[in-house]
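What follows is a set of notes on a single structure, which appears directly below.
This is a predicted model, so every value here is computed, not measured. We name chains A, B, ... by the order of the sequence lines, and we start the count at 1 in each one.
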There are 2 protein chains.
Amino acid sequence: MNELANPPESVIEDEQPKTLAEAAYRQLRRDIIEGLHRPGDKLRVEHLKDQYEVGAGTLREALQLLVTDALVVAQGQRGFRVAPISLDDFEDITRTRVLLETSALQQSIELGDDAWEASVVAAFHLLSRAEDKLGDGGKCSREEWEQRNRAFHEVLIAACPSRWIRHFQNILYHQSERYRRLSLFRQPIPRDVHAEHQAIVDAALARNTAEATRILTDHIMRTLEAVKRLPEELISR
Amino acid sequence: MNELANPPESVIEDEQPKTLAEAAYRQLRRDIIEGLHRPGDKLRVEHLKDQYEVGAGTLREALQLLVTDALVVAQGQRGFRVAPISLDDFEDITRTRVLLETSALQQSIELGDDAWEASVVAAFHLLSRAEDKLGDGGKCSREEWEQRNRAFHEVLIAACPSRWIRHFQNILYHQSERYRRLSLFRQPIPRDVHAEHQAIVDAALARNTAEATRILTDHIMRTLEAVKRLPEELISR
DNA sequence: ATAGACAAAAATCTCGAGAAAAAGTATTGA
DNA sequence: TCAATACTTTTTCTCGAGATTTTTGTCTAT
């Protein structure tokens with residue numbers, strides 16, 4: 001009678017888009033994160049509706065969805081813009097991410113069962129393979145690596161029972177993805193990210209909460225440092 | 001040339017609505033929080049567009065905005081529903097709120113200047129007055145009290161420089177407002193909320209971070225306990 | 001009586017055009 | 001030369017109607 005059994009967790013990439021608006025939304029989000037539409041750019045519905053091959057109202061809805069992710073800002077009667085970026089903003093994103101993600105990791109370590117451990121190991125393996133192929137010579141796209149990196153971080157906190165923390169973490173991850181692209185653009189994997197991930201997995205499986213959160217914090221904060229070292233004009237508007 | 005000077009902080013109640021869609025959004029949000037549209041209810045565009053006197057597309061946009069606040073969930077090709085409520089959800093909301101709000105309060109206490117102290121005292125005064133009038137015999141609506149209570153909690157963490165924490169906290173506050181209504185419905189101010197607020201203000205002004213966060217945590221968690229004591233049928237779907 | 005399938009009804013999703021607002025351009029006067 | 005005003009163009013916002021999809025209702029066969 002009451003079919004609220006499986007409420008759609010959130011608007012995450014679960015299945016394929018069931019509506020044109022959602023399809024446009026995903027494509028737009030990708031293009032924004034990729035930097036095709038640059039921070040601060042105006043997003044004119046009249047132009048974009050042709051580019052994405054949907055009606056004006058539909059594209060409007062897609063833009064509204066992006067506001068939810070804070071990748072787009074809507075200004076009263078003056079249309080939409082790509083959310084601006086700044087170093088302050090990224091520092092904020094990073095610190096907030098640390099706050100949420102360490103809390104989630106703590107609970108995940110505390111509550112995770114065998115299946116969780118297995119999924120962590122699996123995700124780490126996939127990520128490692130992507131790194132191998134990436135260094136090997138373009139046998140694997142950075143696209144693929146990003147996807148697996150995201151999956152790894154997601155699985156790590158998957159045993160945290162708080163939907164809200166996971167929801168917010170998800171938003172922040174997408175945000176920081178924009179900045180991380182900038183960083184990777186210059187220095188194609190500068191730090192020994194692999195070792196950091198390995199250390200996190202080890203500590204997590206050993207149920208060493210303090211150690212795991214410490215490493216995770218360093219891991220996340222290091223990306224901030226990397227971006228801080230970028231030439232300023234990249235993070236201008 | 002680049003007029004990004006004042007990016008619209010977020011979609012909070014700052015000015016009056018500049019667009020029909022936003023007007024409908026606010027009215028709808030109010031009605032959902034008030035419980036006029038109950039958790040789990042289907043929100044049929046065809047019906048609601050008459051009720052709120054806007055076109056179908058416009059109402060659609062309003063609903064999309066509510067998805068951002070997680071007060072409404074959109075299901076693929078099957079329309080919109082009022083976000084369901086549950087005790088587990090409220091527990092999650094509360095704990096996440098504690099995590100964010102205590103962190104924000106710490107920073108606020110650390111960084112707040114004289115102006116911040118003044119605004120805290122002012123907000124507390126307004127809230128106290130509302131409580132007086134409320135107990136006095138309906139000289140002040142619970143509407144008013146809710147508004148000032150929200151303002152108080154907002155001002156308390158206003159000196160926290162993290163926009164993201166404040167943004168998330170705002171979402172969670174609106175969420176918990178739905179539950180708090182249920183609680184207040186039965187027990188018209190059961191606990192000595194005033195004393196708790198007073199204690200928070202004292203500790204904050206004394207820059208006693210540990211004490212302030214401790215009290216704030218208790219304060220927030222107590223609402224959870226109150227809701228837990230409610231008859232189950234109120235939190236059914 | 002229950003289950004399945006087919007048909008009718010309702011609701012959602014989508015589109016393009018018209019009204020309102022903002023931005024841009026040119027003209028005029030000091 | 002500059003400022004202010006009026007006009008033009010662009011863009012956003014809004015609405016109602018049509019196309020798809022989901023849901024409801026009915027009928028038949030096992």
Side-chain angles (χ1 to χ4, degrees), chain A residues 1-8 11 14-29 32 37-38 40-68 71-83 237, chain B residues 1-8 11 14-28 37-38 40-68 71-83 237:
Chain A
M1 201 117 300
N2 195 339
E3 72 297 336
L4 285 183
N6 39 354
V11 188
D14 26 15
E15 300 123 46
Q16 65 227 20
K18 288 299 175 207
T19 164
L20 279 188
E22 206 180 317
Y25 156 69
R26 298 210 187 166
Q27 217 169 334
L28 254 169
R29 186 176 67 178
I32 288 176
H37 304 291
R38 298 195 315 192
D41 274 3
K42 203 142 189 348
L43 294 169
R44 289 180 192 80
V45 177
E46 294 300 305
H47 293 168
L48 268 52
K49 80 190 182 84
D50 302 326
Q51 190 175 339
Y52 290 90
E53 295 175 320
V54 291
T58 305
L59 187 79
R60 209 175 168 64
E61 224 168 271
L63 287 172
Q64 211 62 257
L65 285 173
L66 284 163
V67 172
T68 300
L71 286 169
V72 163
V73 292
Q75 307 173 281
Q77 195 96 256
R78 292 188 288 172
F80 299 87
R81 279 179 182 282
V82 178
R237 47 173 181 167
Chain B
M1 201 120 299
N2 196 339
E3 72 298 340
L4 285 182
N6 39 353
V11 189
D14 26 14
E15 300 123 46
Q16 66 226 21
K18 288 299 174 207
T19 164
L20 279 189
E22 206 179 316
Y25 156 69
R26 297 210 189 167
Q27 216 169 334
L28 254 169
H37 303 291
R38 297 194 316 192
D41 274 4
K42 203 142 187 353
L43 294 169
R44 290 180 191 80
V45 177
E46 294 301 306
H47 293 168
L48 269 51
K49 81 190 182 83
D50 301 326
Q51 190 175 338
Y52 290 90
E53 295 174 320
V54 291
T58 304
L59 187 79
R60 209 174 167 66
E61 222 168 274
L63 287 172
Q64 211 62 257
L65 285 174
L66 283 163
V67 172
T68 300
L71 286 169
V72 163
V73 293
Q75 308 173 282
Q77 195 96 259
R78 293 188 291 171
F80 299 88
R81 279 179 183 282
V82 178
R237 46 175 181 166

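When all heavy atoms of A/Gln51 and A/His37 are compared, the pair lying nearest together is NE2-CE1, 4.2 Å. For the pair B/Val45 and B/Ala56, the tightest heavy-atom approach, listed with the atom from each and the gap, is CG1-O, 3.8 Å.
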Practice task
Step by step, work out the side chain to side chain contact (heavy atoms under 4.5 Å, CB included) result for B/Leu28 and B/Leu48.
Solution key: CA-CA 10 Å; B/Leu28 254 169; B/Leu48 269 51; 4.3 Å; yes
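Taken residue by residue, residues 44-60 of chain B places heavy atoms nearer than 4.0 Å to DNA chain D at B/Val54, B/Gly55, B/Thr58.
A search for side chain to side chain donor-acceptor pair (under 3.5 Å) contacts involving A/Gln64 returns nothing, not counting sequence neighbours. Remark: B/Thr68 engages A/Thr68 in a side chain to side chain donor-acceptor pair (under 3.5 Å) (not counting sequence neighbours). A search for side chain to side chain contact (heavy atoms under 4.5 Å, CB included) contacts involving B/Ala23 returns B/Pro17, not counting sequence neighbours.
Look at NZ on B/Lys18: it is 13 Å from P on D/dC13, rounded to the nearest Å. With rounding to whole Å, B/Glu61 atom CD is found 9 Å from D/dT14 atom C1'. For the pair A/Leu43 CG and D/dT11 C1', the computed distance is 13 Å after rounding to whole Å.
Here OG1 of B/Thr58 is found 11.0 Å from CG of B/Leu63. Values are rounded to the nearest 0.5 Å. In this structure, A/Leu59 CG and A/Arg44 CZ are separated by 13.5 Å, a value rounded to the nearest 0.5 Å. Rounded to the nearest 0.5 Å, atoms CD (B/Gln77) and CD (A/Glu22) are 10.0 Å apart.
When DNA chain C is scanned 5' to 3' for any atom under 4.0 Å from a heavy atom of chain A, the first and last hits are C/dC13 to C/dA23.
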Using the 3.5 Å cut-off, write out each protein N or O paired with an N or O of nucleotides 21-24 of chain D and the distance between them.
residue: D/dT23; atom: OP1; partner: B/Arg78; partner atom: NH1; Å: 3.3

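Here salt bridge (charged side-chain N to carboxylate O under 4.0 Å, His left out) pairs that include residues 48-68 of chain A, with residues two or more places apart or in two chains, are A/Arg60-B/Glu61, A/Glu61-B/Arg60.
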